[in-house]
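Worksheet: one structure, shown below.
From a predicted model like this one, the values you see are computed outputs, not experimental measurements. Note on naming: letters A, B, ... go to the chains in the order of the sequence lines (proteins, then strands), and numbering restarts at 1 for each one.
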Amino acid sequence: MDAAIEQSNAPSAPVWAEELLGWFQTEQRPFPWRRRPQTPFRTWVSEVMLQQTRAETAATYFERFLACFPDVSALAAASQEEVLRVWEGLGYYARARNLHAAARLVVERYGGRLPRTECELRKLPGLGPYTAAAVASLAFGEPVPAMDGNVLRVMARFLALDHSVREAGVREYIRSVLAPVLRNVTPGPFNEALMELGALVCTPRGPRCGDCPLRTACRAHAEGRAAELPVRPPRRRIPHYAVAVGIVWKEGKVLIGRRRTDRMLGGLWEFPGGKVEPGESPVEAVVREIREETGIEVAVVDRLCTVKHAYTHFRVTLTAFECRWEAGQAVANSADCVRWVNPDDLADYPFPVANRRIIHALALRGGRQADGAGTCQNSSMGAW
DNA sequence: CAGACGTGGCT
DNA sequence: TAGCCAAGTCT
């Protein structure tokens with residue numbers, strides 16, 4: 001027909017974008033952050049929780065977190081420790097520390113109101129390229145693409161890109177494709193729809209192209225290689241460490257230390273201990289590590305449990321020993337601070353999951369370690 | 001820019 | 001079992 005007439009119309013969204021929005025309307029999952037009230041704060045919290053985290057996992061934490069901290073003011077008024085306690089088990093604890101710090105900034109600098117633009121949001125700690133765009137578009141309707149792992153994968157297939165989406169140039173290209181579309185759709189739902197499509201249909205492995213609203217426009221599908229894209233870099237092998245930790249008893253209390261905030265698991269508490277060095281037994285290691293870390297002398301009384309745990313870039317086998325304080329005053333040589341606490345109060349402190357398992361084993365064992373009670377009678381000690 | 005940074009689920 | 005993966009950010 002007459003192309004000139006078509007061009008004279010106001011720009012409209014491509015057909016595939018409308019198909020996507022229609023699909024999202026019927027197929028989206030009912031997550032708590034999609035229910036009312038949809039405040040910017042709730043959107044922000046959900047986006048941070050969803051970083052590198054399954055939506056089902058984030059959902060359970062989301063409800064509890066919002067019950068504890070219903071708005072920016074409540075979060076800003078809380079202590080970092082309270083926030084970490086609620087975040088415990090969700091991982092990537094820098095997210096919680098940054099979220100808390102950002103809430104305080106919002107109260108101090110923005111009168112308790114979240115900034116409304118991607119550009120301003122980007123200045124807050126914990127809001128990177130993705131989250132700033134996500135909050136700006138979902139909460140405030142700014143027409144900017146929110147490009148998370150789902151969107152990058154969907155678009156790498158949609159456009160049949162042969163280069164890794166980790167390359168900055170590839171991301172910029174995808175942005176250049178999406179940016180004009182965003183101006184002709186409702187930005188929030190469109191961004192959410194693209195992510196939901198990646199989560200439900202255009203999955204990393206075994207994409208369900210038969211159910212995809214974009215299949216007629218998808219280049220990878222047309223070429224029969226949706227499952228082969230996007231190209232992935234090879235994974236590195238991760239090391240495995242043996243770690244020994246001590247539950248050190250003194251006058252009915254046990255010793256814990258808080259990890260420095262700039263380290264892994266920063267701000268969380270843990271039992272003292274450390275890596276078992278080559279040629280060293282776990283018992284020798286725990287005595288040495290506790291001496292180095294806290295300055296006290298301990299004697300190993302019993303083995304409590306062994307916990308295997310996989311972190312992102314290494315694995316550990318943790319062996320926990322019950323120990324008796326022998327001499328010295330505990331000081332924080334490597335920790336942020338150390339504290340003797342009643343074992344019943346361990347529930348009040350944020351601990352990493354591996355340490356929480358040790359606490360669980362301690363509770364199952366029952367009883368208390370009386371001072372001076374318990375000697376190293378276990379005949380299997382030599383095997384440790 | 002590559003590596004650090006958690007955890008649980010699935011294969 | 002061990003690896004891969006899940007709505008990234010920071011340095």
Side-chain angles (χ1 to χ4, degrees), chain A residues 24 28-29 31-34 42-62 84 87-99 101-102 121-135 137-139 145-155 164-171 188 190-200 202-207 230 232-240 259-268 270 307-318 350-357:
Chain A
F24 182 60
Q28 65 171 295
R29 293 166 292 176
F31 290 122
W33 47 85
R34 289 178 176 163
R42 287 163 57 91
T43 301
W44 175 26
V45 171
S46 70
E47 288 303 331
V48 173
M49 284 190 171
L50 285 163
Q51 291 168 11
Q52 300 289 286
T53 305
R54 295 180 178 285
E56 296 75 13
T57 303
T60 66
Y61 279 83
F62 180 83
L84 286 173
W87 200 274
E88 183 189 301
L90 197 50
Y92 284 132
Y93 298 96
R95 293 183 298 174
R97 299 195 304 268
N98 286 332
L99 182 62
L121 288 163
R122 189 70 180 74
K123 297 175 183 173
L124 294 169
L127 285 105
Y130 164 73
T131 307
V135 174
S137 62
L138 299 188
M147 305 196 299
D148 71 334
N150 283 312
V151 173
L152 293 176
R153 179 177 60 257
V154 169
M155 294 308 291
S164 169
V165 294
R166 301 181 66 152
E167 295 176 28
V170 172
R171 290 177 185 238
F190 178 81
N191 279 333
E192 269 199 283
L194 217 42
M195 291 188 273
E196 193 79 335
L197 187 72
L200 296 181
C202 197
T203 49
R205 289 196 269 192
R232 296 189 177 286
R235 295 280 171 147
R236 298 178 52 217
R237 193 159 299 169
I238 63 174
H240 190 162
R259 297 180 61 90
R260 296 191 173 150
T261 49
D262 57 335
R263 315 286 288 274
M264 180 182 179
L265 303 167
L268 276 65
E270 66 179 0
V307 173
K308 289 182 182 297
H309 194 76
Y311 294 96
T312 307
H313 53 294
F314 64 92
R315 293 172 185 278
V316 295
T317 298
L318 273 168
F351 278 89
V353 164
N355 269 254
R356 191 59 78 188
R357 298 225 169 93

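One cannot find a donor-acceptor pair under 3.5 Å joining the base of C:dG8 and the side-chain atoms of A:Thr131. Judged by distance alone with a 3.5 Å cut-off, a donor-acceptor contact links the side chain of A:Thr53 to the base of B:dG6. Contact of A:Tyr130 with C:dG8 (side chain to base): no donor-acceptor pair of N or O atoms is detected under 3.5 Å. With hydrogens and angles ignored, a donor-acceptor pair under 3.5 angstrom links the side chain of A:Gln52 to the base of C:dG8.
Within the nucleic acid shown, A:Leu90 comes within 4.0 Å of at least one base atom, counting heavy atoms only. A:Arg357 comes within contact range of the sugar-phosphate backbone alone, with a heavy-atom separation under 4.0 Å but no base atom that close. No contact: A:Trp87 has no heavy atom under 4.0 Å from any strand. Among the protein residues, A:Ala310 comes within range of the nucleic acid bases, having at least one heavy atom under 4.0 Å from a base atom. If you check every strand for non-hydrogen atoms under 4.0 Å, A:Glu196 touches a base.
Comparing A:Arg95 and A:Arg236 by the nucleotide of DNA chain B whose heavy atom lies nearest to each, the residue mapping closer to the 5' end is A:Arg236. Two residues, A:Ala199 and A:Gly126, neighbour DNA chain C, and the one matched to the more 5' nucleotide by heavy-atom proximity is A:Ala199. Between A:Arg34 and A:Leu127, the residue anchored nearer the 5' end of DNA chain C, judged by the nucleotide with its closest heavy atom, is A:Arg34. Projected onto DNA chain B by closest heavy-atom contact, A:Arg205 and A:Gly91 fall at different nucleotides, the more 5' of which corresponds to A:Gly91.
Formation of a donor-acceptor pair under 3.5 Å by the A:Arg122 side chain with backbone atoms of A:Ala132 is not found in this model. A:Arg153 contributes no side-chain N or O that, together with a main-chain N or O of A:Pro230, makes up a donor-acceptor pair within less than 3.5 Å. Side-chain atoms of A:Ser46 never come within 3.5 Å of backbone atoms of A:Trp44 as a donor-acceptor pair (strictly under, hydrogens ignored).
Side-chain N/O atoms of A:Arg232 include one lying less than 4.0 angstrom from OP1 or OP2 on C:dC5. Contact between the side-chain N/O atoms of A:Arg315 and the OP1/OP2 oxygens of C:dG3 is found at a separation under 4.0 Å. Remark: A:Tyr61 is not in phosphate contact with B:dT7, judged by side-chain N or O atoms under 4.0 Å from OP1 or OP2. In this model, the phosphate group of B:dT7 is approached by a side-chain N or O of A:His309 to a distance below 4.0 Å at OP1 or OP2. One finds no side-chain N or O of A:His313 lying less than 4.0 angstrom from the OP1 or OP2 phosphate oxygen of B:dA4. Contact annotation: A:Arg153 side-chain N/O to C:dA7 OP1/OP2 distance is under 4.0 Å.
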Set out, in order, the CA-CA distance, both residues' side-chain angles and the distance that settles side-chain contact (heavy atoms from CB on, under 4.5 Å) for A:Tyr93 and A:Arg259, then state yes or no. CA-CA 12 Å; A:Tyr93 298 96; A:Arg259 297 180 61 90; over 6 Å; no

Quick one, A:Glu47 with A:Tyr130, criterion side chain to side chain donor-acceptor pair (under 3.5 Å). Give me CA distance, side-chain angles, the key distance, then yes/no. CA-CA 9 Å; A:Glu47 288 303 331; A:Tyr130 164 73; 2.5 Å; yes

For side-chain contact (heavy atoms from CB on, under 4.5 Å), just list the numbers for A:Leu90 and A:Thr57, CA-CA rounded to whole Å, side-chain angles, deciding distance to a tenth of an Å, and then say yes or no. CA-CA 8 Å; A:Leu90 197 50; A:Thr57 303; 4.0 Å; yes

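Distance noted for atom P between B:dG3 and C:dA7: 22 Å (whole Å). Nucleotides C:dT11 and B:dG6 are separated by 13 Å at their P atoms, to the nearest Å.
In this entry the distance linking NE2 of A:His240 with P of C:dG3 reads 11 Å, nearest Å. Distance A:Arg166 CZ to C:dG8 P: 13 Å, rounded to the nearest Å. When the C1' atom of B:dT7 is taken as reference, atom CD of A:Gln51 falls 15 Å away, rounded to whole Å. Going from atom CG of A:Leu50 over to atom P of B:dG6 covers 18 Å, rounded to whole Å. Atom-to-atom, CD of A:Glu56 to P of C:dA7 comes out at 10 Å; the value is rounded to the nearest Å. Atom OH in A:Tyr311 sits roughly 11 Å away from atom C1' in B:dC5 (whole-Å rounding). Between the CZ atom of A:Arg260 and the P atom of B:dC5 there is a distance of 15 Å, rounded to whole Å. Distance CH2 (A:Trp33) to C1' (C:dA7): 9 Å, rounded to an integer number of Å.
Side-chain proximity of A:Asn98 to the nucleotides C:dA7, B:dT7, C:dC10 is greatest for C:dC10. Of the candidate nucleotides B:dT7, B:dG9, C:dA7, B:dG9 has the atom nearest to the side chain of A:Arg54. Which of C:dA7, B:dG9, C:dT9 sits closest to the side chain of A:Arg29 comes down to C:dA7. For A:Tyr92, the listed nucleotide lying nearest its side chain is B:dC5; candidates were B:dC5, C:dA7, B:dG8.
Between A:His309 and A:Tyr311, a ring centre-to-centre spacing shorter than 6.0 Å is recorded.
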